[in-house]
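To start, the structure under review is shown below, and the notes come after it.
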Amino acid sequence: MSKPAFPGFEGLHADIVGASGRSPLPQPKGAHLWVDGTFHAVSGLDAPIRGEVGYAWRVSQRELGKICGLLDVRALGFKGLRATDLAPLAQLPRLDRLSLTWLPKLETLDGLRALTGLRVLVLTDFRKTTDLAPLAALTGLQALAISGGIWEKQPLDGFDALLGLPLQELRLAALATDPLAYRGLARIGTLTDLWLSYNLPVEVYAWLHAARPDLRCDAFVPYMKVAHMTHINGKDVMVVGHRRPWLNAAKDAKRLANYAAEWEALVTRFRDDLRQENDRT
């Protein structure tokens, strides 16, 4: 049996849920920390805590420093981290998996540079910074997820910082960046599993598939059937790509065949272009 796609992210999410003893939802007041299922009010922390997995909610810059000075875990998740600097995370010697969600005040990712032992990193909704350059220092990183928030896309300057990393799993969702920047992902030779939002220009998927046919990515198709969506006007097929429609597999068979032909033509064209470029070099 082949390995499941994105085991790094699925494992981290499951561990964080387990660490909080339930689905990681907010508590009424103040900053809170769960470690291996045990709850701690951050205001009352006064002794070292060692465990495997921690989850913290609504933490300020000062509280981040306090937590990192006392905590020793392998995996850690934050939601609603109201810090401008992540440097305190360097105090966690065993940390190798980190999830950061909703960082409304974060101004730079520089604080991550020292976390060279990280294997898995999830970054969600950190809109005040667009520069991924600090991630280039994470030379052990195997799985990375970057996404925007529920209502706003995450702006990014591009993906150049990722090209030298030993990434195997990469998830990119709800991002505002130049579509041509995605082509650089083909140069990550270690990459095996890629997940992309389904609303990118179709040329992004076709070019990447032509350049890296070995990559596993469910968006490398002209369309996909989504059976549980049939209750929405009977439309059960999503055509992949920006401003592409939802269709019905039976009623719209001809249109779907046209989209499939367009997809094959794009992949073939890009494959020929790449072959010619290689011949010239």
Side-chain angles (χ1 to χ4, degrees), residues 5-9 12 86 97-103 106-149 152-221 240-242 266-267 270-271 273-274 277-278 281:
F6 311 111
F9 305 121
L12 178 58
L86 300 174
R97 295 183 295 157
L98 177 64
S99 176
L100 302 171
T101 300
W102 187 30
L103 311 167
L106 188 67
E107 298 174 351
T108 176
L109 297 176
D110 279 344
L112 296 176
R113 291 182 187 272
L115 304 182
T116 55
L118 276 186
R119 295 184 299 107
V120 180
L121 175 62
V122 177
L123 292 171
T124 304
D125 196 2
F126 51 104
R127 68 195 67 168
K128 282 194 173 183
T129 180
T130 63
D131 185 10
L132 298 180
L135 302 189
L138 306 182
T139 53
L141 197 63
Q142 298 173 13
L144 173 65
I146 303 174
S147 64
E152 294 186 37
K153 290 184 176 182
Q154 171 64 42
L156 287 181
D157 296 335
F159 305 112
D160 287 354
L162 311 183
L163 303 188
L165 299 179
L167 291 171
Q168 299 174 20
E169 306 170 42
L170 181 61
R171 294 176 64 99
L172 302 172
L175 305 180
T177 192
D178 183 352
L180 290 177
Y182 287 90
R183 294 190 175 190
L185 303 179
R187 294 160 54 193
I188 306 176
T190 53
L191 194 62
T192 60
D193 293 282
L194 176 65
W195 192 94
L196 299 173
S197 298
Y198 301 125
N199 60 349
L200 297 173
V202 67
E203 291 81 4
V204 170
Y205 312 115
W207 190 94
L208 281 170
H209 186 46
R212 287 289 304 276
D214 59 306
L215 275 183
R216 292 191 291 192
C217 179
D218 65 355
F220 289 177
V221 291
V240 177
H242 182 56
L266 274 174
V267 173
F270 288 136
R271 189 173 292 142
D273 289 347
L274 289 164
E277 289 177 14
N278 290 335
T281 58

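Values below: all heavy atoms of this structure, side chains included; hydrogens, waters and symmetry mates excluded.
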> Between the side chain of Arg183 and the main-chain N/O of Ala211, is any donor-acceptor distance below 3.5 Å?
Replying inline: no
>> How long is the straight-line distance from OG1 of Thr130 back to CD of Gln154, given to the nearest 0.5 Å?
In response: 8.0 Å
>> With heavy-atom distances below 4.5 Å as the criterion, would you say the side chains of Phe220 and Leu194 are in contact?
In response: yes
> Minimum heavy-atom separation for Ser99 to Leu12, with atom names?
Replying inline: CB-CD2, 3.9 Å
>> Could you check whether any side-chain N or O of Thr101 sits under 3.5 Å from a backbone N or O of Thr124, counting only pairs where one atom can act as donor and the other as acceptor?
In response: no
> Can you check whether Trp195's main-chain N or O pairs, donor with acceptor, with Arg171's side chain at less than 3.5 Å?
Replying inline: no
> Do you know the tightest heavy-atom contact between Ala210 and Arg271?
Replying inline: CB-N, 3.7 Å
>> Measuring only between side-chain heavy atoms, which start at C-beta, is Glu169 closer than 4.5 Å to Gln142?
In response: no
> Does Tyr205 reach the main-chain N or O of Cys217 with its side chain, forming a donor-acceptor pair under 3.5 Å?
Replying inline: no
>> Distance check, rounded to the nearest 0.5 Å: Leu132 atom CG versus Leu156 atom CG?
In response: 5.0 Å
>> Any non-hydrogen side-chain atom of Leu138 less than 4.5 Å from a side-chain atom of Leu115?
In response: yes
>> Could you check whether any side-chain N or O of Thr192 sits under 3.5 Å from a backbone N or O of Gln168, counting only pairs where one atom can act as donor and the other as acceptor?
In response: yes
> Looking at Leu109 and Pro134, what are the two nearest heavy atoms and their distance?
Replying inline: O-CB, 3.4 Å
>> If you define the side chain from C-beta out and look only at heavy atoms, does anything of Thr108 sit under 4.5 Å from Asp131?
In response: no
>> Listing request: all ring pair (Phe, Tyr, Trp, His ring centres under 6.0 Å) pairs with a residue in residues 119-144, at least two apart in sequence or in separate chains.
In response: none
>> Side chains of Leu172 and Thr177, heavy atoms from C-beta outward: is any pair under 4.5 Å?
In response: no
> Atom CD in Glu107, atom OG1 in Thr129: separation rounded to 0.5 Å?
Replying inline: 9.0 Å
> If you measure from NZ on Lys128 to CG on Leu103, what distance do you get to the nearest 0.5 Å?
Replying inline: 11.5 Å
>> Counting C-beta onward and ignoring hydrogens, is there a side-chain heavy-atom pair between Leu135 and Leu123 closer than 4.5 Å?
In response: yes
>> I'd like to check Phe270 versus His209 (side-chain heavy atoms, cut-off strictly below 4.5 Å). Are they in contact?
In response: no
> If you look at every heavy atom in His242 and Pro201, which pair is closest and at what distance?
Replying inline: CB-N, 4.0 Å
> If you look only at pairs with a residue in residues 158-178, which of them pass as a ring pair (Phe, Tyr, Trp, His ring centres under 6.0 Å), with sequence neighbours excluded?
Replying inline: Phe159-Tyr182
> With side chains defined as the heavy atoms from C-beta onward, is the minimum distance between Tyr198 and Asp218 less than 4.5 Å?
Replying inline: yes
>> Can you give me the closest heavy-atom contact between Leu167 and Leu170, atom names plus distance?
In response: CD1-CD1, 4.4 Å
> Please walk me through it: do Val120 and Leu98 pass side-chain contact (heavy atoms from CB on, under 4.5 Å)?
Replying inline: CA-CA 6 Å; Val120 180; Leu98 177 64; over 6 Å; no
> Where do Leu100 and Leu112 come nearest, in terms of heavy atoms and distance?
Replying inline: CD1-CD2, 4.4 Å
> Once you round to the nearest 0.5 Å, how far does CG of Leu191 lie from CG of Leu162?
Replying inline: 10.0 Å
